[in-house]
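Structure first, then comments.
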Amino acid sequence: MPAYAVVGATSWGVTLAALLERAGNDVILLVRSELEARAVRAAGGLERLGAGPVLGPRVHIHPMPLTANHAAGVSGALVAVPSHAFRAAVQAAGLPRSLPVVSAAKGLDLETSSRMTEVLHALGYDPARTGALSGPNLAHEIIRGLPAAAVIATPDLELGRAWQTALSAGAFRVYASTDVVGVELAGALKNVIAIAAGAAWGLEFGANAVAAIMTRGLAEMTRLGLALGAEVATFNGLAGVGDLAATCFSPLSRNRRFGELLAAGRAPADAVDEIGETVEGAHTAPVALRLAAAAGVELPITAEVAAVIGGERTVPEAMLRLLGRPLAREELPRR
Ligand SMILES: NC(=O)c1ccc[n+]([C@@H]2O[C@H](COP(=O)([O-])OP(=O)(O)OC[C@H]3O[C@@H](n4cnc5c(N)ncnc54)[C@H](O)[C@@H]3O)[C@@H](O)[C@H]2O)c1
Ligand SMILES: O=P(O)(O)OC[C@H](O)CO
């Protein structure tokens, strides 16, 4: 029986463990402590997912690290912790360096501006066997069995096909890609644009304004992606426009809700506390700006989001600055 490891009993980690099990795999869910293992076993998952027990008998919940005994039967690992905890979680998980490892996180490393697969490479994992999973994937919907699609990017399409089979279960459909850079960048950058969309919802600007933010946001995500070696098509796919749409429109999105709270005048730290879960875009905005400056690319929406998070201006001031930019031709990145 194929077996896979999932690192992190987060909303997405538990959902991925459930999907792998539903697709017929044995799963080892690696958690931070025996105490956490007991809590996840007792709940059959995570209470905050609001779906009741979702993990069956083929999901084995163990504290990190992966033991040599368990590692022998594992075909691959998915890492589903927030990007700020990614490096430490991978180190603690003790995954063999030869194992295919996929990042399911949607963020960039604050210290090094790296993508999560670059963090894996820096830790000694084989670039040919690492990849990224992304797409319009709100865990709360997927865990209830609602239809959704994702994209898994690996340098080698054969490896991607194996992941597709491992993860596609019921109404969850996984597509394969070889554009690791694009899938990772799209997944991270869309969170920042979703904060701006949330702010527009919070100010009751309406669907026209949100659609404009999404469209111009997609243009700046694509510009940066192209400058960093991604393919334009990826930004028109599930990891790009697909995830951007889900995140900007769904009230379930933490990034959107964060933007709404900022628009209501909440301090960024208070808004994160109130949400009580991961808000990746808040960390990604300044990193994206650093990458853009180094690549000579302009990211106007991201810059305003970073300025609001940095306490330099209020949401209404940021919106006025975006609306007051010089009139321009509608340039859409194509290459
Ligand atoms: N939740 C979703 O719908 C969803 C969907 C797709 C991708 N993602 C991505 O998955 C990553 C994790 O997000 P999430 O929503 O599943 O997280 P979450 O908000 O459910 O959990 C984050 C919290 O989990 C706890 N945690 C558990 N194990 C941890 C570990 N090993 N290291 C650090 N913290 C740990 C911490 O308390 C942390 O604050 C993010 O990068 C997110 O963008 C999330
Ligand atoms: O709740 P968010 O904003 O972190 O979004 C979750 C997923 O990334 C949506 O695809």
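As the structure lists them, so they are numbered: ligands from 1, and atoms in each ligand from 1. Quick note: numbers below take in every heavy atom, side chains included, and nothing from hydrogens, waters or symmetry partners. Here the structure is a predicted model, which is why all the values come from computation and not from measurement.
We find the CD1-CZ distance between I142 and R144 to be 11.5 Å, quoted to the nearest 0.5 Å. With rounding to the nearest 0.5 angstrom, the CG atom of N255 is 4.0 Å from the CG atom of N191.
Between R216 and E220 there is no salt bridge, since no side-chain nitrogen of the basic residue lies less than 4.0 Å from a carboxylate oxygen of the acidic one. Comment: D156 does not engage R129 in a salt bridge, judged by the lack of any side-chain N to carboxylate O separation of less than 4.0 angstrom. For the pair E274 and R257, the salt-bridge criterion is not met [side-chain N within less than 4.0 Å of a carboxylate O]. Ion pairing between R58 and E21 fails under the 4.0 Å rule for side-chain N and carboxylate O. Salt bridge status for D126 with R97: absent, with no side-chain N to carboxylate O gap under 4.0 Å. Residues E280 and K190 are not paired through a salt bridge, judged by the lack of any N-O separation under 4.0 Å between the basic side chain and the carboxylate. Of the charged side-chain nitrogens involved, at least one lies within less than 4.0 Å of a carboxylate oxygen, so that E158 and R161 count as a salt-bridged pair. A salt bridge between E298 and R223 is absent, with no side-chain N of the basic residue lying under 4.0 Å from a carboxylate O of the acidic one.
Under 4.0 Å from ligand 1, not a single heavy atom of A88 appears. Of all the heavy atoms of K106, the ones lying under 4.0 Å from any atom of ligand 1 are found in both the backbone and the side chain. When heavy-atom distances to ligand 1 are checked against a 4.0 Å cut-off, A92 has no atom that comes that close, whether in backbone or side chain. Contact annotation for T247 and ligand 2: only side-chain heavy atoms (C-beta onward) come within less than 4.0 Å of the ligand. If you look at E141 next to ligand 1, there are no close heavy atoms at all, none under 4.0 Å.
Against a heavy-atom cut-off of under 4.0 Å, A105 is close to the following atoms of ligand 1: 41 (O). Contact atoms of ligand 1 toward E280: 40 (C), 41 (O), 43 (O) (distance under 4.0 Å to a heavy atom of the residue). Shown in contact with M64 at under 4.0 Å from a heavy atom are these atoms of ligand 1, numbered in order with element: 31 (N). In the vicinity of A85, heavy-atom distances shorter than 4.0 Å reach the ligand 1 atoms 32 (N), 33 (C). Listed by atom number, the atoms of ligand 1 under 4.0 Å from A139 heavy atoms are 1 (N), 2 (C), 3 (O). Ligand 1 places these atoms under 4.0 Å from at least one heavy atom of T278: 13 (O), 17 (O), 18 (P), 19 (O), 21 (O), 22 (C). Atoms of ligand 1 found under 4.0 Å from any heavy atom of L138 (numbered from 1 in listed order, with element): 3 (O). Against a heavy-atom cut-off of under 4.0 Å, A80 is close to the following atoms of ligand 1: 12 (C).
Protein heavy atom at the shortest distance from atom 25 (C) of ligand 1 is R32 NH2, 3.4 Å. Regarding atom 21 (O) of ligand 1, its nearest protein heavy-atom neighbour is R48 NH2, 3.0 Å. The protein heavy-atom contact nearest to atom 9 (C) of ligand 1 is A104 O, 3.6 Å. In terms of protein heavy atoms, atom 44 (C) of ligand 1 is closest to W12 CB, 3.7 Å. With hydrogens left out, the protein atom closest to atom 5 (C) of ligand 1 is N137 O, 2.9 Å, a heavy atom. Given atom 6 (C) of ligand 2, the protein heavy atom at minimum distance is L138 CD2, 4.0 Å. Scanning the protein for heavy atoms near atom 38 (C) of ligand 1, the closest one is P82 CG, 4.4 Å.
The residue among V81, L78, V7 with a heavy atom at the shortest distance from atom 30 (C) of ligand 1 is V81. The option from R257, R256, K190 that lies nearest to atom 5 (O) of ligand 2, judged by heavy atoms, is K190.
Contact between S250 and ligand 2 is absent, with no heavy atom of the residue lying under 4.0 Å from the ligand. Ligand 1 does not have H140 within reach: every non-hydrogen atom of the residue lies 4.0 Å or more from it.
Residue P136 has no nitrogen or oxygen atom sitting less than 3.5 Å from a nitrogen or oxygen atom of ligand 2, judged on distance alone. Of the N or O atoms in R254, one or more lie within a sub-3.5 Å distance of an N or O in ligand 2. Inclusion of N191 in the set of residues having an N or O under 3.5 Å from an N or O of ligand 2 is not warranted. The shortest N or O to N or O distance between K106 and ligand 2 is under 3.5 Å. At least one N or O atom of R254, backbone or side chain, sits closer than 3.5 Å to an N or O atom of ligand 1.
The closest side-chain heavy-atom distance from Y175 to I152 is not below 4.5 Å. W12 has its side chain out of reach of K106: every pair of non-hydrogen atoms, C-beta onward, lies at least 4.5 Å apart.
A 6.0 Å sphere centred on CD of Q91 holds more than 12 heavy atoms belonging to other residues, nucleotides or ligands.
R290 and S113 are linked by a side-chain donor-acceptor pair at a separation below 3.5 angstrom, with hydrogens and angles left out of the test.
M64 pairs in a side chain to side chain contact (heavy atoms under 4.5 Å, CB included) with only one of the listed residues (V7, V31, V90), which is V7.
The two residues V119 and S114 come nearest to each other via the heavy atoms CG2-CB, 4.1 Å.
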